[in-house]
Amino acid sequence: MWAELLLVVPRRAGLQLLRRRHGGSGAMRLQAPQFQALFTPGLRSVAELFEKKNYELRIAGGAVRDLLSGVTPQDIDFATTATPAEMKEMFTAAGVRLINNKGEKHGTITARLHEENFEITTLRIDVVTDGRHAEVEFTTDWHKDAERRDLTVNSMFLGLDGTLYDFFNGYEDLKNKKIRFVGKAAERIQEDYLRILRYFRFYGRIAEKPGDHESNTLQAIKENAKGLAGISGERIWVELKKILLGNHVNHLVQLMYELDIAQYIGLPLDGNLEEFARVTKNIQHLSPKPMTVLTSLFKGKDDVTNLDLRLKISKEEKNLGLFLVKHRQELTKASGSEPLRPYQDFLMDSREANTYSRILELLKYQGEEQLLKEMQEWTVPSFPVSGHDLRKMGISSGKDIGTALQQLREEWKKSGYHMDKEELLSCLKKL
């Protein structure tokens with residue numbers, strides 16, 4: 001349900017207030033519970049400091065988008081007309097602790113009040129961009145700061161009184177579930193080529209259906225796809241993982257191939273799009289890991305290795321991909337009354353620490369929802385016999401103990417891991 005609010009939009013002759021009326025009353029501001037919940041003692045203290053100095057302070061970007069959608073934002077960024085130097089002076093005079101000064105050259109000051117961190121950034125304009133980074137200049141113009149942001153739905157500001165400042169119709173796009181770049185798509189992309197993947201990510205998050213793109217946007221993406229070659233693998237992987245877990249993933253990855261993006265972000269030139277479509281159709285509601293989804297695009301282990309070379313994925317992500325490529329066809333459910341047995345046996349035979357979680361991902365990949373549930377509910381049993389038990393039976397040789405334990409494990413396995421210590425030791429006497 002969309003919030004009622006006081007909306008400020010640009011007109012050539014200044015700003016015009018659009019008043020939403022309810023029962024004949026005056027202007028309505030955002031009153032969503034998610035918005036009201038933001039006003040902790042820490043935020044109230046920050047707001048008082050800025051008000052005393054007559055510096056404007058507003059919530060910016062993604063947090064505004066989330067609040068307007070009725071979602072509690074995970075992170076809140078603030079924007080202000082105060083410069084970093086002015087903020088430092090103000091906070092220092094008030095005895096407020098400042099932390100993480102790495103963002104200061106980009107205009108960001110982080111203040112800690114009432115056990116909370118507040119990240120506040122001076123309004124900026126991009127002076128020089130190289131497709132990866134930007135040199136910025138500080139401004140007091142909210143419109144110019146909004147103009148440098150990537151997508152209309154991310155370009156809005158929200159005053160602490162609930163007033164929305166929307167210069168590029170982001171609120172309308174959000175209500176209509178449309179994803180558009182601010183201004184000209186090509187210009188925004190060339191400022192930071194990672195915005196191509198951010199477009200896909202937010203499309204999967206907000207758009208209602210696949211294929212609802214503007215043709216000039218897709219053309220701009222295709223013409224600038226090569227720019228992704230200069231973006232670090234780590235930044236690409238952060239965005240790609242979110243795309244893989246979002247909506248319309250099959251459509252979006254197909255589009256990456258159509259727009260010649262895949263080759264620049266570590267994906268195989270001959271990706272198995274049929275397998276990808278099959279797997280993604282059944283897997284989304286099973287909470288897969290991003291690598292599980294992506295592996296369906298790969299034909300062999302070389303594709304996993306090449307992805308790692310380009311994106312610098314973690315060791316566990318790489319090992320999961322290699323595991324799935326190797327076992328997705330050979331490790332499958334059994335016919336008969338114990339379909340889960342092959343997976344259980346594989347786990348019990350394995351000596352690797354992460355085998356259990358990898359088998360769960362394999363079951364998700366295979367779309368085996370019922371077996372996945374059974375595997376998650378299965379308590380992995382402990383082998384009930386130890387070398388100490390065998391010594392008490394008179395077996396003293398280390399080699400003989402090892403052989404006997406292996407024989408007993410096989411008998412235990414045949415029983416479906418049900419035989420207890422007494423039954424196994426009794427069995428040993430017959431072997």
Side-chain angles (χ1 to χ4, degrees), residues 62 74-75 100 102-103 105-106 108 129-134 150 189-205 221-222 224-246 249-250 252-257 259-273 275-276 279-280 283-284 287-328 352-355 357-358 360-362 364-365:
Q74 292 183 336
D75 298 300
N100 187 21
K102 292 180 181 177
K105 64 180 179 181
H106 303 294
T108 301
T129 59
D130 63 4
R132 292 181 298 172
H133 310 290
D150 53 3
I189 291 169
Q190 287 164 13
E191 288 166 355
D192 183 353
Y193 291 104
L194 191 69
R195 286 174 170 176
I196 290 174
L197 296 185
R198 284 177 61 81
Y199 172 86
F200 286 124
R201 195 230 302 181
F202 283 102
Y203 191 94
R205 183 170 174 176
I221 289 174
K222 185 169 185 175
N224 289 280
K226 191 174 182 180
L228 283 165
I231 302 296
S232 74
E234 292 88 344
R235 292 183 74 206
I236 288 173
W237 186 223
V238 167
E239 293 296 328
L240 186 55
K241 283 190 286 189
K242 294 174 181 177
I243 294 168
L244 292 167
L245 299 185
V249 60
N250 181 46
L252 293 173
V253 170
Q254 295 263 1
L255 200 54
M256 288 180 191
Y257 278 88
L259 300 178
D260 299 327
I261 292 169
Q263 61 182 311
Y264 301 114
I265 61 173
L267 303 185
L269 292 176
D270 60 343
N272 191 340
L273 291 169
E275 174 74 350
F276 189 80
V279 170
T280 54
I283 201 172
Q284 292 303 101
S287 301
K289 293 181 179 178
M291 197 65 197
T292 304
V293 181
L294 189 58
T295 301
S296 61
L297 205 57
F298 300 156
K299 294 180 178 177
K301 64 180 183 179
D302 287 348
D303 290 336
V304 181
T305 302
N306 291 334
L307 181 84
D308 181 39
L309 289 172
R310 175 66 182 96
L311 301 188
K312 309 284 192 300
I313 62 178
S314 72
K315 183 178 179 181
E316 176 50 31
E317 287 166 337
K318 181 179 180 180
N319 287 339
L320 175 59
L322 293 171
F323 178 88
L324 294 172
V325 165
K326 181 177 181 180
H327 296 292
R328 58 189 170 187
E352 291 192 41
N354 295 319
T355 301
S357 64
R358 290 173 191 168
L360 294 183
E361 293 304 305
L362 176 61
K364 294 174 189 178
Y365 182 103

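Note: hydrogens, waters and symmetry copies are ignored here, and every other heavy atom, side chains too, is used.
Under a 4.0 Å N-O distance rule, the pair D150/R201 does not qualify as a salt bridge. Salt-bridge formation is detected for the pair K241/E317: a Lys NZ or Arg NE/NH1/NH2 atom is positioned less than 4.0 Å from an Asp or Glu carboxylate oxygen. A salt bridge is absent between E361 and R358: the closest approach of a Lys/Arg side-chain nitrogen to an acidic carboxylate oxygen does not fall below 4.0 angstrom. K312 has no carboxylate O lying under 4.0 Å from a charged side-chain N of E234, or vice versa, which leaves the two without a salt bridge.
Taking each heavy atom of L245 and P288 in turn, the nearest pair found is CD2-O, 3.3 Å. Of all heavy-atom pairs spanning R310 and I231, the tightest one is NH2-O, 2.8 Å.
Atom-to-atom distance recorded for Y257:OH and Q263:CD is 10.0 Å, nearest 0.5 angstrom. To the nearest 0.5 Å, the span separating CG on L294 from CG on L311 amounts to 8.5 Å. Here OG1 of T355 is found 11.5 Å from CG of L362. Values are rounded to the nearest 0.5 Å. Between the OH atom in Y193 and the CD1 atom in I221 there is a gap of 13.0 Å [rounded to 0.5 Å]. In this structure, K315 NZ and L320 CG are separated by 14.0 Å, a value rounded to the nearest 0.5 Å. Rounded to the nearest 0.5 Å, atoms CZ (F200) and CG (L244) are 12.5 Å apart.
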- [ ] Could you check R328 against V279 for side chain to side chain contact (heavy atoms under 4.5 Å, CB included), going step by step and ending with a plain yes or no?
- [x] CA-CA 11 Å; R328 58 189 170 187; V279 170; over 6 Å; no
Task: Worked check of side chain to side chain contact (heavy atoms under 4.5 Å, CB included) between D303 and L297 - done: CA-CA 9 Å; D303 290 336; L297 205 57; over 6 Å; no
Open item on the list: Could you go through I265 and W237, starting from their C-alpha distance and side-chain angles, then the distance that decides it, and tell me whether this counts as side chain to side chain contact (heavy atoms under 4.5 Å, CB included)?
Closed with: CA-CA 8 Å; I265 61 173; W237 186 223; over 6 Å; no
Open item on the list: If you apply the rule side chain to side chain contact (heavy atoms under 4.5 Å, CB included), what do you find for L307 with M291, and how did you get there?
Closed with: CA-CA 11 Å; L307 181 84; M291 197 65 197; 3.7 Å; yes
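For the residue pair E275 / Y365, a side-chain donor-acceptor distance below 3.5 Å is found, with atom types taken as modelled.
No option in L259, L255, I196 other than L259 meets the side-chain contact (heavy atoms from CB on, under 4.5 Å) test with K222.
For D308 (side chain) and V304 (main-chain N/O), no donor-acceptor pair under 3.5 Å exists by modelled atom type. At distances below 3.5 Å, at least one donor-acceptor pair connects side-chain atoms of K364 with backbone N or O atoms of S287.
Within the 4.5 Å cutoff, the side chain of K301 has no heavy atoms near those of the K326 side chain. With a 4.5 Å cut-off on side-chain heavy atoms, L324 and K289 do not count as touching.
In this structure, K299 places its NZ atom where more than 12 heavy-atom neighbours from other residues, nucleotides or ligands lie under 6.0 Å away.
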